[in-house]
Visitor: 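Before I ask anything, here is the structure I am working with.
Heavy atoms only: backbone and side chains are in, while hydrogens, waters and symmetry mates are out. Just follow the structure's listing: the first ligand is 1, and inside any ligand the first atom is 1.
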Amino acid sequence: MSRPARRVPVTATAPIYRVALVTGANRGLGFEVARQLGERGMTVLLGARDMDKGLHAARKLAGSPGEVIAVQLDVTQQDQVDTLARSIELTYGRLDVLVNNAGGYYDPRANPVNADIAPARGAMDTHLFGTWRLCSAMLPLMRRHGYGRIVNVSSGCGATATSGASCPAYRVSKAALNSYTRALATELDGSGIQVNAVCPGWVATDMGGPGGRPVAAGAAGIVWAACVTEHVTGGFYRDGQRIAW
Ligand code: NAP
């Protein structure tokens with residue numbers, strides 16, 4: 001993260017400089033969210049646990065109206081989270097948008113009887129604790145300006161309103177993420193920092209596989225929550241519509 005920020009207004013009518021961080025953004029939904037936020041003129045920090053992949057992805061977005069910059073970030077590594085928070089503070093002095101997108105551990109062939117603990121731990125460390133680490137580290141940068149949009153990329157699979165036995169590691173970790181989202185939103189209500197969970201729907205990424213909808217469509221609902229101007233917090237959304245927890 002060596003280059004200085006190019007300060008581009010978000011819109012012509014509201015010239016507000018915004019800095020966004022998207023985790024797991026070297027491919028899939030995270031990459032597309034980074035692209036769409038860059039199209040809106042934001043400075044976008046494209047998180048990647050493999051920096052070579054991050055740099056390759058950021059190069060593809062070089063013509064963006066905003067600026068897209070690769071940053072090293074494995075969300076399970078507290079030292080990387082802390083280093084990045086310090087670097088953002090020194091370089092920009094602010095963070096306006098945090099999209100907790102990094103994910104994996106989709107285990108459709110497992111069930112709660114045969115599931116191993118190891119992938120469940122990995123899912124929790126990435127989806128729940130990864131998000132938790134990022135929020136704790138970045139909130140001071142949001143509080144400083146009394147503005148923030150935190151989007152936790154979840155899944156309908158994590159809705160406790162639905163039942164299902166497949167994908168136990170994935171399902172339980174996304175349900176925990178939803179619970180964390182509600183608690184954090186409650187704590188931050190009135191602070192200017194809005195926190196929501198978003199399900200992108202079934203999307204044709206490496207994780208989603210063929211048959212899902214286009215990545216741009218899934219990412220649009222995440223970008224909506226990242227840019228929402230109304231008071232919208234503590235909810236679970238798909239395509240900008242509230243869904244049941
Ligand atoms: P994807 O194409 O498999 O991409 C996952 C991204 O997360 C990759 O960039 C991966 O990095 C990164 N990642 C994984 N673990 C990480 C870690 N510990 N630290 C940093 N980055 C990490 O998946 P996707 O479909 O875009 O999924 C993105 C999010 O949407 C996930 O949270 C997923 O649960 C959610 N979601 C997806 C669907 C769907 O149908 N696709 C549906 C509901 C929810 P590497 O390249 O290094 O592996």
Visitor: Looking at E32 and R35, does any basic side-chain N land under 4.0 Å from a carboxylate oxygen?
Guide: yes

Visitor: Which protein heavy atom lies closest to atom 18 (N) of ligand 1, and at what distance to 0.1 Å?
Guide: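 Closest protein heavy atom to atom 18 (N) of ligand 1: D74 OD1, 3.0 Å.
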
Visitor: Polar contacts were defined as any N/O atom of the residue lying under 3.5 Å from an N/O atom of the ligand; does this apply to N101 and ligand 1?
Guide: yes

Visitor: Report yes or no: does K174 have a heavy atom closer than 4.0 Å to ligand 1?
Guide: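 Yes.
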
Visitor: I'd like to check which ligand 1 atoms, numbered from 1 as shown, lie under 4.0 Å from a non-hydrogen atom of G28.
Guide: 2 (O), 26 (O)

Visitor: Could you please spell out the steps behind the side-chain hydrogen bond (donor to acceptor under 3.5 Å, both in side chains) verdict for T76 and D125?
Guide: CA-CA 6 Å; T76 67; D125 204 16; 4.6 Å; no

Visitor: Would you mind checking which non-hydrogen protein atom is closest to atom 27 (O) of ligand 1, with the distance to 0.1 Å?
Guide: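 Looking only at protein heavy atoms, the one closest to atom 27 (O) of ligand 1 is L29 CD1, 4.0 Å.
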
Visitor: Could you tell me, atom by atom, which parts of ligand 1 come under 4.0 Å of a heavy atom of D206?
Guide: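 Once the distances to D206 are compared, the set is 2 (O).
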
Visitor: Using a heavy-atom cut-off of under 4.0 Å, does the side chain or the backbone of T23 touch ligand 1, or both, or neither?
Guide: neither

Visitor: As an exercise, identify every atom of ligand 1 less than 4.0 angstrom from a heavy atom of Y170.
Guide: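 Matching atoms, with element in brackets: 33 (C), 34 (O), 35 (C), 36 (N), 43 (C), 44 (C).
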
Visitor: Would you say ligand 1 has an N or O under 3.5 Å from any N or O of C199?
Guide: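 No: no nitrogen or oxygen of C199 is under 3.5 Å from one in ligand 1.
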
Visitor: Provide the number and element of each atom of ligand 1 under 4.0 Å from a heavy atom of L73.
Guide: 19 (N), 20 (C)

Visitor: Nearest protein heavy atom to atom 42 (C) of ligand 1, by residue and atom, and its distance?
Guide: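 Ranking protein heavy atoms by distance from atom 42 (C) of ligand 1, first comes G201 O, 3.1 Å.
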
Visitor: Could you list the atoms of ligand 1 found under 4.0 angstrom from a heavy atom of G208?
Guide: 40 (O), 41 (N)

Visitor: Taking all atoms of both residues into account, what is the closest heavy-atom pair of N196 and V232, and its distance?
Guide: ND2-O, 2.9 Å

Visitor: Find all atoms of ligand 1 within a distance of less than 4.0 Å from any non-hydrogen atom belonging to T76, and give their numbers and elements.
Guide: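 The atoms of ligand 1 under 4.0 Å from a heavy atom of T76 are 18 (N).
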
Visitor: For R27, run the side chain to side chain contact (heavy atoms under 4.5 Å, CB included) check against V215, D206, T205 and tell me which one passes.
Guide: D206

Visitor: With respect to G104, determine whether any N or O atom, backbone or side chain, lies less than 3.5 Å from an N or O atom of ligand 1.
Guide: no

Visitor: Near W202, which atoms of ligand 1 are under 4.0 Å from a heavy atom of that residue?
Guide: 40 (O)

Visitor: Going by heavy-atom distance to atom 15 (N) of ligand 1, choose the closest among R27, E32, R49.
Guide: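 Ranked by closest heavy atom to atom 15 (N) of ligand 1, first place is R49.
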
Visitor: In terms of atom number and element, which parts of ligand 1 are under 4.0 angstrom from non-hydrogen atoms of V153?
Guide: 29 (C), 30 (O), 32 (O), 35 (C)

Visitor: Polar contacts were defined as any N/O atom of the residue lying under 3.5 Å from an N/O atom of the ligand; does this apply to G24 and ligand 1?
Guide: yes

Visitor: Kindly indicate whether a cation-pi arrangement holds for R94 with Y147, taking the cut-offs as under 6.0 Å to the six-membered ring centre and within 45° of the axis.
Guide: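 The answer is no, since R94 fails at least one limit relative to Y147.
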
Visitor: Taking non-hydrogen atoms only, is A204 closer than 4.0 angstrom to ligand 1 via side chain, backbone, both or neither?
Guide: neither

Visitor: What part of D50, side chain from CB on, backbone N/CA/C/O, both or neither, has a heavy atom under 4.0 Å from ligand 1?
Guide: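 Under 4.0 Å from ligand 1, D50 contributes no heavy atoms.
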
